[in-house]
Every structure is written in C-alpha cells, then in structure tokens.
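Encoded as structure tokens, the structure appears first; notes follow it.
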Amino acid sequence: MAEAYDPQAIEAKWQQRWEEWGTYQVDNDDPRPKFYVLCMYPYPSGPAHMGHVRNYTFGDLITRYRTMNGYAVLSPIGFDSFGLPAENAAIKTGVHPRPFTDERVAELTESLKGIGASYDWRREVRSHDPDYIKGTQTIFLRLLDAGLAYRANAPVNWCPGCQTVLANEQVLPDGTCERSGDVVTKRDLEQWFFKITAYAQELLDDLETLEWPERVKVMQRNWIGRSEGAEFTMRIAGRDDLSMRVFTTRPDTAFGMTYAVVAPEHPLVTQITTDDRRPEVEAFVEQVRRETEIDRLSTEGALEKRGVFTGSYAVNPFNGEDVPIYLADYVLMTYGTGAIMAVPAEDQRDWDFAQAYGLPVVRTVEPPDGWEGEAYTGEGPRVNSRWLDGITDTAEAKQKAIDWLVDQGVGERKVNFRLRDWLLSRQRFWGCPIPVVYCPTHGMVPVPEDQLPIVAPDDVEFRPTGESPLRFHEGFLHTTCPLCGGPATRETDTMDTFVDSSWYFLRFCDPFNDEEPFGKDAVSTWMPVDQYIGGIEHAILHLMYARFFMKALADIGMAPVDLREPFARLFTQGMIRMGGSKMSKSKGNLVAPSRYLDTVGADALRLFHLFVGPPADDVDWSEQTDEIIAGCSRFLNRVWRLATEPDAAPSAPTTDVVDRAAHRLIARVTEEYDRWSYNTAVAALMEFTNLLYKEGATDEAVDTLLLLMAPMAPHIAAELWERRHGDHVHEHQWPVADPDLARIDSVTMIVQVNGKVRDRLEVPPTIGEAEAEALALESEKVREQLAGASPKKVIVRPPKLVNIVA
RNA sequence: GCCCGGGUGGUGGAACCGGUCAGACACGGAGGGCUUAAACCCCUCCGCCCGAGAGGGCAUGCGGGUUCGAAUCCCGCCCCGGGCACCA
C-alpha cells in the first residue's frame, strides 16, 4: 500500500526547506533578467485572513512561475506597521503599541509562511523599525528642503472619533471618516502638507503609460479632476478699491451672468457686505461654519436658507452690467478662486438658486426646439451675446471669449484641479514623528539628518485628547535648537501612515543601506515593480500618493531621474464577500484559513482561490465553498495517487494520445498563466489528470503535470517531484511545448445547412477552401438536406466550417 | 444624474478574433459498482419542454437590428455591483 497524501507533513517540510535554503532570496547582482513582483504590504492585524491568502497566492504563483522561466525574481514582504488600531488598543488596554504590533507581525508572518508564500525574508521592512523611520524622516526633510513639504494654516478635516485630522482622501463621500465612521468636521489648524498638486498634470498624463485596470485609472482621473476654463476679474460696482476673481469653465456663457457668488469664507466678505445686510450676512456665515461637511455638500435642504445677498454688485466685464453678489454655501473657498459668476440658463445649480431667490435668467445658448428642461448645457447657437451670437461650436465660443478677456487685460485661460495638497500630519502617537523643532528665535528648524531617527519614547500615556501623546511627554517635547543650541520644542505630530507606504517598495531594493533610505543603483536594478497586486480599495489613496512620491523623489535627485512611475503593471484582485458584504474583521464575518490548513492543507486552499473564478472577480463565501475546497483536495489526491501508485491508471498508456495532450497542455497553461486565467488553467490540469486516469499515465506526462502545477500547489509538486527525481521542481525550467506534438493534425470541420449543423468531418487543419467545400457537398447528410436542390451560396471557413445556404 | 463593470444550467464558472446543434472544469443531484456496513474510491446520467424511442421545439436579462451564422457586434429598455456627484 502506497503512502497516503499527508498535506500537513509535506507542507511543513517544504516551508522549512525553502526558508533554510533561501530558495527565493535574490541578490542585486543576479545576472538573470529581473522581475519585481509585489503584493501590497499588509497592515499587521493578526493572523492572515482569506483576503491575504487570496492576495499572496497570486503573488506567490507569479514568483514561482517567473523563477521557473529564468528570471531573477524580487519578491519581498514587509509590514505597514504604524497605524491607529495599535494605538486604540493601547488606549483601551494600556499595552504599548510596539509590543502589540510586534506580536501581530509575528502572527501574520507565521500564517504567511503557512500558506507557502515565498519571499526573500532578509529584505523584510516594518514601518515602525528605527531604520525605516530614519528613511521616512530623511525623505521628509529632503522634500521639505525642496519646498514640496510645507506647513500652513488651513481648514482641515477633523475626525472626532479618531481625534485627528484626516486627508481629503480619507473622508468618504458622505462626509464620514473611512476608519471610524464618525462625521468629519472642519477645523482651522496649522498642519503639514505635501505639494502633490505640483504634480497634478503629470499624475494625470502618466496614467496613459501604465498597464493598470481602466477603472482604477478612471478613478484617479476623476480625483485629479482637471477642468479647463478662464479666470477673470470683476470690479465691485461703486468701489474702485475692490475687485474679485472668478473661475469658470464656460466663459462663452458670460453674457448670461445674472448674479455672482462668493464663498462664505471668502476674505472679501466683510468688505462687500453693506451695513443694512450685515446682520443677515454674519448670521449666514456663522450658520455655514457650524454646518458639517455633509449638510454643506448635500443637495437636500431648502435652497432659500443656503444663500444670502451681500448688498454689493459686481460688474460683468463682458457687457458692463451690474449683477448682485451673493454668498452661498455651495461655493467652496478651496476650489478655484472661491468666487463664481452665475449663469442660471446654462448651469443647473445656478438655475435652482436663481429660482429660489427670484433672480433673472438670460439664455445665451439657444436650446433645441421643444426644450422643456431648465438649464441647457448642450450645443446650440449663442444668443444675447453680442459678438458671440450665432456661434454654434462651444469650443470656438470659449476660445473667442478667452481671447477677448486677454485682449481687455482682465483675464486669461486657466486650468483648475480638484486635487488638493496632501495633509500629512496626524495628532497621534503611533506614526513616524515629523523631524522638526520649533525655536523661539529661529522658528521652525529641520532636525539635521545626522540626528535621525527621531523615535518616539516608550513611556507615554495614551489618552484621546485630540493631541499627540508626545505633546505631554516632557523628555520628548523639550530639546535644543540645532541652530543656536537654545531651548526648543519638538513637533509632536506624526505622519500619515500613507507616507510610510509611499516608498517601501524602494527600500526593498536596498534594505541594508544605512547611509540612505535607498541607493539609486539598487533602485535602477529592480524598479519599476513589474507586477503589483492588491485590493481595489487603494485605487486612489495609496496608489496616488506612491506615484507622487516616485516623481518627487526622482526630481529631488534621490531616485533615478527617469523613473517616473513605481508600478508598471497593477492587478486588483476581487474581494471576498460573505452574506453580501465584504469579509472583514470589523464585520465579524471572517473565516480563518487555519481551519483549512489543518485539514485539506495550504495547497488545496490555494488551488481553491485560483479555481473559484477569475482573479479580478469577487468571491462569495457560501455554503458551497467548503464543498469546492474539498473538490480541490480531491484533485490533489488524484494527482498524488497517479504519481505514487503504479496501478492508479491503466498500465498500457495510449502513449501517442497522452504525449500530444501533454504538449497541448503546456501550450495552454503557459498562455493562461500569462493572462491571469488561473481558473481555466486549473481546469486544464484537472482535465489532463482525468485523461491520464482514462488513457494511462506516462512518466513524462506526470512530470509535465507536476511542473505545470508547481506554482499553484507548490508543496505537493515539490514532494512528488523529489520522490520521483530526487531534485527540486521549482529549480526546473518551465516546460516548452513541442510544436510538432502540440499541433493538432486533425480538426473537426462543421458542415451546416442554413446555419444548422448537419455533419462533422475530420479534416487536416491545412485544408483549402475548394477541398473543404467539395468534401462538404459530398456529405450524405448534406445531400439529404438539399434533396437534389443546388445551394444558393456556400460559405467556406477552412478548417472550421462550411455553411451551405439552400 | 453621469462614468465604468456585469446579467450564461440547481450553483461557481467555460466559450481568447462572431463559426464544434453554448454549458469546459468543478460543486450539487440521480442511479450503479466496491464494502458485512459506512467513509474513501470508481462508473453512468443531469439546460428546459414535448416524445416510449428515433427525433423535434425552445434556450446565454428583455425587445429590435446587422450577418450565411450572434452569449460575442449595433440600437432601445430592465436589473445587479462599483466609482463620481453642488469642483463653478
């Protein structure tokens, strides 16, 4: 009796070997062509969950597949180990975030090894390691020096639950915090920003060069939000000392301006408010201040309460007419100039506001006959617009309007972006400290690089105060000024954890460098990442920030100047759902992988994730799932028996059939690996196995099967290969299909009469048109159908089909 | 409202460029074999409807269209998922 398949025994054995042998360690001077495969480094929240298993199964498959194809594959792993959960746990339990995090990292490391994922563990990075902190701080200081980091007072997003400010990207569309779900409010605070807006155009343009899912690119384009238009000056009627700037995307409609609006926070408000309007205006400004982001951006609510007349008038430069200036909460100080011209006839918001306040409407684009809508934004001839009248093409009319503004010296073409600068400071403890000090004499002074890293102390108290606990730690807070040596205080804010994740892929290229965060040569060797894998939830945040960092680091000379994009190819895997919602710790619907590792084993679980459907699709974890996993395990058992029991399959294999099938399989699976069609690749392996059970197995056929499944189910493939050959399957070259054997030398040609299949003929694939037609017409079944009539038309598509139209 | 995806058997999914009466592979189900029995394992069958059978009809969300031929292309509609949404 042959030995049974024992997944636990062989998986433990091979995981240990891969680690001991350093199978997937790779050096920077490796002569093979490079391939950098990277899964987004995880936040260490404890043992791996199914989402991790899915993610790292894909990454591991690529690592092993590329290695077998002769590449030097860089496959590193690390941990995004700063962040709120560890600090919240500290507040709750008093345990310092460092030991808490280290424990979670150890757990996640164990379970990643448990699924057989292969990494160069020497290169591991953790955001909270002093080495890494030093790198993050060095980069910050260089960006500060280059003017790409700055401090400013700004109305910022404040989350009362997290007791910290948030980046715009971390506020959900409904105005709540993406982490805690609390309603985010606005506060005026002195904060740190990265000048990501300096790269708005390049971030937009370079999307074209990336092999990324289209929907991720679309999301980024929307987020950057480029809009072209004009900016111009309007005089305030009767006030020669005052004027305001407005931005519009439709300068061609300016003759239809019937009022103007400035944001309630606009600096001009106090000056343009007339005395009789002052009480009302002040009350309105106060009301808007108190409104949450949700109220303010909501389309609900009575418009009558959402604006107020200032008492002043602006002069429309196009026709010299005065229009009333209003305040309205829907005009935002943070976009454009914080002031707009309002054209109700061609803008629905302006239309609605005009209706509520009894303001006039002047059409400047003639709507089509029978138009019953309100604002009309389509094409049509200009009217009521003097020198624009009659122009139908909007682009042309815009250009003329802009030319006129330039001519008059009151305005010019202007491009605006929705993208705002990246607010990076956080009033939290468990993040990378911002390395600057404040000196009474010298103001803000960067900490010299030779004094890095600035590491937070361990003996702090965790209280949710709205300020970093560092602020209450006397030893950390008080220091000396690097310039004058006098007493100074440290910055106590820490950095957003997205700063850490914006350069970790560069550190992986050069993890032992203690001079610099990374060396240019090492980065040139490996970058860009050839295949990046992660969840769609990072479509904007992480993937935008990292792109910005890459460009900025190249420009300030830290990275190679021509390295503009970090991730050449991106794959976003589907998420795992249960009962209709995403499987997550917070929803309490996690299924622990250990349950499967302890029974069917890691290979079967990995195979399930590959087999269940296209990698990009979501997976529904249902009652059926366990059955499918059991099916994957059954398949591995069949392979095991085939490779270990001589009489598992018929003893006299039909060698010819099996050989040909094996070589067709090589061609098919290779092609499917290359296009991420893993579910059909597994199906092909199953089909082949079924064939071997039926036709008999040759040694060569079983070897082919093991080689092809080695990236998917690495442990069983390694074990069986070693038993058969004594060496290591993953060190083998990927098999190449013999074209003579893989070639199909007889195909079934379909013969249709009026589109219905009436016969099938075995023909050589090289058959010509005339021959195919002749063969088809000779078919008895065709003659029956035709009953002597001659065909009207014959469509011949050799070698696949002949269709006879009677 | 706008922009992307997607609707295929009882289920997950195949079908790369329009061409093997669509449904690979797997799950599930039915029947059978092995077994004292069960599990494991093996074999056969399973889109729907009519028919004893041969066979016929209908089928890829719905309605049209293009084509010798449509799950695949075009137009209109319905449903599901995701993104954006006072950004002037």
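Residue numbers begin at 1 in each chain, while the letters A, B, ... track the order of the sequences. Just so it is clear, the values below take in all heavy atoms, side chains as well, and ignore hydrogens, waters and symmetry mates.
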| query | Mind checking the C1' distance from C79(B) to U60(B)? Whole angstroms is fine. | reply | 16 Å
| task | Return the nearest nucleotide to the side chain of R634(A); candidates are G19(B), C16(B), C41(B). | result | C41(B)
| field | Rounded P spacing from G69(B) to U20(B) in Å | value | 15 Å
| remark: Assigned chi class of C17(B) under the 90° convention is syn
| query | Hey, is CZ on R245(A) packed in by over 12 heavy atoms from elsewhere, all under 6.0 Å? | reply | yes
| What integer number of Å spans the C1' atoms of A59(B) and G53(B)? | 23 Å
| query | So which one's nearest nucleotide on RNA chain B is more toward 5', M341(A) or E627(A)? | reply | E627(A)
| message | I'd like to know if R226(A) pairs up with E228(A) as an ion pair, taking the criterion as any Lys NZ or Arg NE/NH1/NH2 lying under 4.0 Å from an Asp or Glu carboxylate oxygen. | response | yes
| Among C27(B), C3(B), A88(B), the nucleotide that comes nearest once only the side chain of V218(A) is considered | C3(B)
| message | Checking contacts here: which listed nucleotide (C16(B), G28(B), A88(B)) is nearest the side-chain heavy atoms of E671(A)? | response | C16(B)
| field | F611(A) side-chain proximity, nearest of C42(B), C27(B), A26(B) | value | A26(B)
| Parallel, tilted or perpendicular for F353(A) and Y326(A), by the 30°/60° rule? | perpendicular
| field | Partner nucleotide of C40(B) by Watson-Crick or wobble geometry (both distances under 3.5 Å) | value | none
| request: Grab the CG-C1' distance between L607(A) and C25(B) for me, whole Å please. | output: 12 Å
| message | Measuring only the C1' atom in each nucleotide, how far is G61(B) from U8(B)? A whole number of Å is fine. | response | 10 Å
| message | Ignoring hydrogens and geometry beyond distance, is the side chain of N803(A) in donor-acceptor contact with the base of C68(B) at under 3.5 Å? | response | yes
| Are the charged groups of E214(A) and R221(A) less than 4.0 angstrom apart, N to O? | yes
| request: Consider the side chain of Q624(A), meaning its heavy atoms from C-beta on, and name the nucleotide among U11(B), G19(B), G28(B) that approaches it most closely. | output: U11(B)
| field | Syn/anti state of G12(B) by chi, 90° boundary around 0 | value | anti
| request: Determine yes or no for a side-chain-to-main-chain donor-acceptor pair under 3.5 angstrom, with D421(A) supplying the side chain and T197(A) the backbone. | output: yes
| query | Using purine N1 to pyrimidine N3 plus N6-O4 or O6-N4 for Watson-Crick, or N1-O2 and O6-N3 for G-U wobble, both under 3.5 Å, which nucleotide pairs with C16(B)? | reply | none
| What about Y596(A) and F608(A), are their ring centers closer than 6.0 Å? | no
| message | Just checking F318(A) against F232(A), ring centres under 6.0 Å apart? | response | yes
| field | Gap between atoms CD1 and P, on I224(A) and A85(B) respectively (whole Å) | value | 14 Å
| message | My understanding is that a pair needs two contacts under 3.5 Å, Watson-Crick or G-U wobble. By that rule, which nucleotide pairs with G28(B)? | response | C46(B)
| Protein-nucleotide distance (N679(A), atom CG; G12(B), atom C1'), rounded to Å | 10 Å
| field | R221(A) side chain near G83(B) phosphate (N/O to OP1/OP2, under 4.0 Å) | value | no
| field | Spacing of R638(A) atom CZ relative to C41(B) atom C1', expressed in whole Å | value | 9 Å
| remark: Among C25(B), C84(B), A15(B), the one nearest any side-chain atom of N690(A) is C25(B)
| said: If you only use heavy atoms from C-beta on, which nucleotide in C27(B), C25(B), A88(B) is closest to the side chain of A683(A)? | reply: C25(B)
| request: In whole angstrom, give me the gap between the C1' atoms of C4(B) and A70(B). | output: 24 Å
| said: Using whole Å, what does the distance between atom C1' of nucleotide G28(B) and atom CD1 of I628(A) come to? | reply: 10 Å
| query | Taking the same atom, P, in G82(B) and in C77(B), what whole-Å distance lies between them? | reply | 23 Å
| task | Could you measure between the two P atoms, the one in C17(B) and the one in G65(B), and give it in whole Å? | result | 26 Å
| note | Side-chain atoms of E687(A) come closest, of A88(B), A24(B), G13(B), to A24(B)
| message | Can you measure E214(A) atom CD to G6(B) atom C1' for me and round it to whole angstrom units? | response | 17 Å
| note | From the candidates C41(B), C4(B), A88(B), the one with an atom nearest any side-chain atom of R641(A) is C41(B)
| request: Send over the distance from Q752(A) CD to A70(B) C1', rounded to a whole Å. | output: 12 Å
| remark: Closest of A85(B), G82(B), A88(B) to the S227(A) side chain is A88(B)
| Rounded distance in Å - CD (Q220(A)) to P (C3(B)) | 21 Å
| said: Does any part of the side chain of T258(A), heavy atoms only, come nearer than 4.5 Å to the side chain of P344(A), both counted from C-beta? | reply: yes
| For G631(A), which contact category applies under a 4.0 Å heavy-atom criterion: base, sugar-phosphate, or nothing? | sugar-phosphate
| field | Separation of the C1' atoms in A71(B) and A54(B), to the nearest angstrom | value | 31 Å
| Pairing partner (Watson-Crick or G-U wobble, both distances under 3.5 angstrom) of C2(B) | G83(B)
| message | Applying the Watson-Crick and G-U wobble criteria at under 3.5 Å, what pairs with C73(B)? Answer none if nothing qualifies. | response | G65(B)
| said: Need to verify one output field. Residue with the more 5' nearest nucleotide on RNA chain B, M219(A) or T334(A)? | reply: M219(A)
